[in-house]
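Single-structure report; data block below.
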Amino acid sequence: MLSTLFASTAALAAPFRCADPEAQAMFELSALKTELMVVATTCDTEKPYNDFITRYRSTLSSNDMAVIRHFTGRDRRAGQRANDTFITNLANARAQEANRVGADFCARNARLFQEVMALPSHAELAPYAAAKDLLPATLGSCASSASAPAPAATRRAAR
């Protein structure tokens, strides 16, 4: 039982990784957008969030469509539910992190708006998002892709 607990803990702590680098970047950008939304609603910083959305509208819109395509590729209805679940779970995970950090959350994260708005171009947005490590390993969104392996904890449990 103790080894199962350690395996589960390790799976939760492991970074969220997709086999496909483009899928990884897509999910990281979604996580950044969600993090900034949580910062905006938690820290009363809607104007900087709206400025972010306005500046990066085309990049964010293209990314949102790519996420939807990722989930709806094989089955539109089931895929739309999976997409909605992913977005909801991502927002919940980021909000839980804000609650865990507590009063320091706004002080620690308000600078994200300054950083993202200081990027020279849209091309720097995805690398910036990747460097922030905002994707919880528990989401496992790449597992629905045929090329991604099952999470380690799931493989062990199936044996």
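One hydrophobic cluster holds both Phe52 and Met37 under the rule that ILVMFWY side chains link at heavy-atom gaps under 4.5 Å. With hydrophobic clusters built from ILVMFWY side chains whose heavy atoms lie under 4.5 angstrom apart, Leu135 does not share a cluster with Leu29. Cluster membership check: Met26 does not share its hydrophobic cluster with Met65, using side-chain heavy-atom separations under 4.5 Å among Ile, Leu, Val, Met, Phe, Trp and Tyr. A continuous path of Ile, Leu, Val, Met, Phe, Trp and Tyr side chains, each step under 4.5 Å between heavy atoms, connects Leu60 with Tyr49, placing both in one hydrophobic cluster.
The closest side-chain heavy-atom distance from Leu112 to Lys132 is below 4.5 Å. Residues Leu36 and Ile53 fail the side-chain proximity criterion, which asks for heavy atoms closer than 4.5 Å. Inter-residue side-chain proximity for Met117 and Tyr56 is flagged as met; some heavy-atom pair is nearer than 4.5 Å. Under the 4.5 Å side-chain criterion, counting only non-hydrogen atoms from C-beta, Leu32 is in contact with Leu125. Between Arg55 and Val116, the closest side-chain pair of non-hydrogen atoms is not below 4.5 Å. Counting heavy atoms from C-beta outward, Leu90 and Ser30 have side chains that approach closer than 4.5 Å. At least one side-chain heavy atom of Lys33 sits under 4.5 Å from a side-chain heavy atom of Asp64. In this structure the side chain of Glu35 reaches within 4.5 angstrom of the side chain of Asn109, judged on heavy atoms.
A salt bridge is absent between Arg108 and Glu97: the closest approach of a Lys/Arg side-chain nitrogen to an acidic carboxylate oxygen does not fall below 4.0 angstrom.
The nearest pair of heavy atoms linking Ser58 to His122 is OG-CE1, 3.7 Å. In terms of heavy atoms, Phe105 sits closest to Cys43 at CD2-SG, 3.9 Å. Of all heavy-atom pairs spanning Thr34 and Ala91, the tightest one is CG2-CA, 3.5 Å.
Proximity of the aromatic rings of His70 and Phe27 is defined here by a centroid distance below 6.0 angstrom, and this criterion is met. Checked against a 6.0 Å centroid threshold, the rings of Phe71 and Phe86 count as neighbours.
With rounding to the nearest 0.5 angstrom, the CG atom of Asn83 is 11.5 Å from the CZ atom of Arg69. Taking OG1 of Thr72 as the reference point, atom CZ of Arg77 lies at 13.0 Å (rounded to 0.5 Å). In this structure, CD on Gln96 lies 10.0 Å from CZ on Arg94, to the nearest 0.5 angstrom.
Every residue two or more places apart in sequence or in another chain that forms a salt bridge (charged side-chain N to carboxylate O under 4.0 Å, His left out) with Asp51 is listed here: Lys47.
At least one donor-acceptor pair closer than 3.5 Å links the side chain of Thr41 to the backbone N or O of Val38.
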- Task: Please assess Gln80 against Asp84 for the test side-chain hydrogen bond (donor to acceptor under 3.5 Å, both in side chains), listing each intermediate value before the final yes or no.
- Result: CA-CA 6 Å; Gln80 187 60 54; Asp84 294 346; 2.9 Å; yes
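Within a 6.0 Å sphere centred on CD of Glu124, heavy atoms belonging to other residues, nucleotides or ligands number more than 12.
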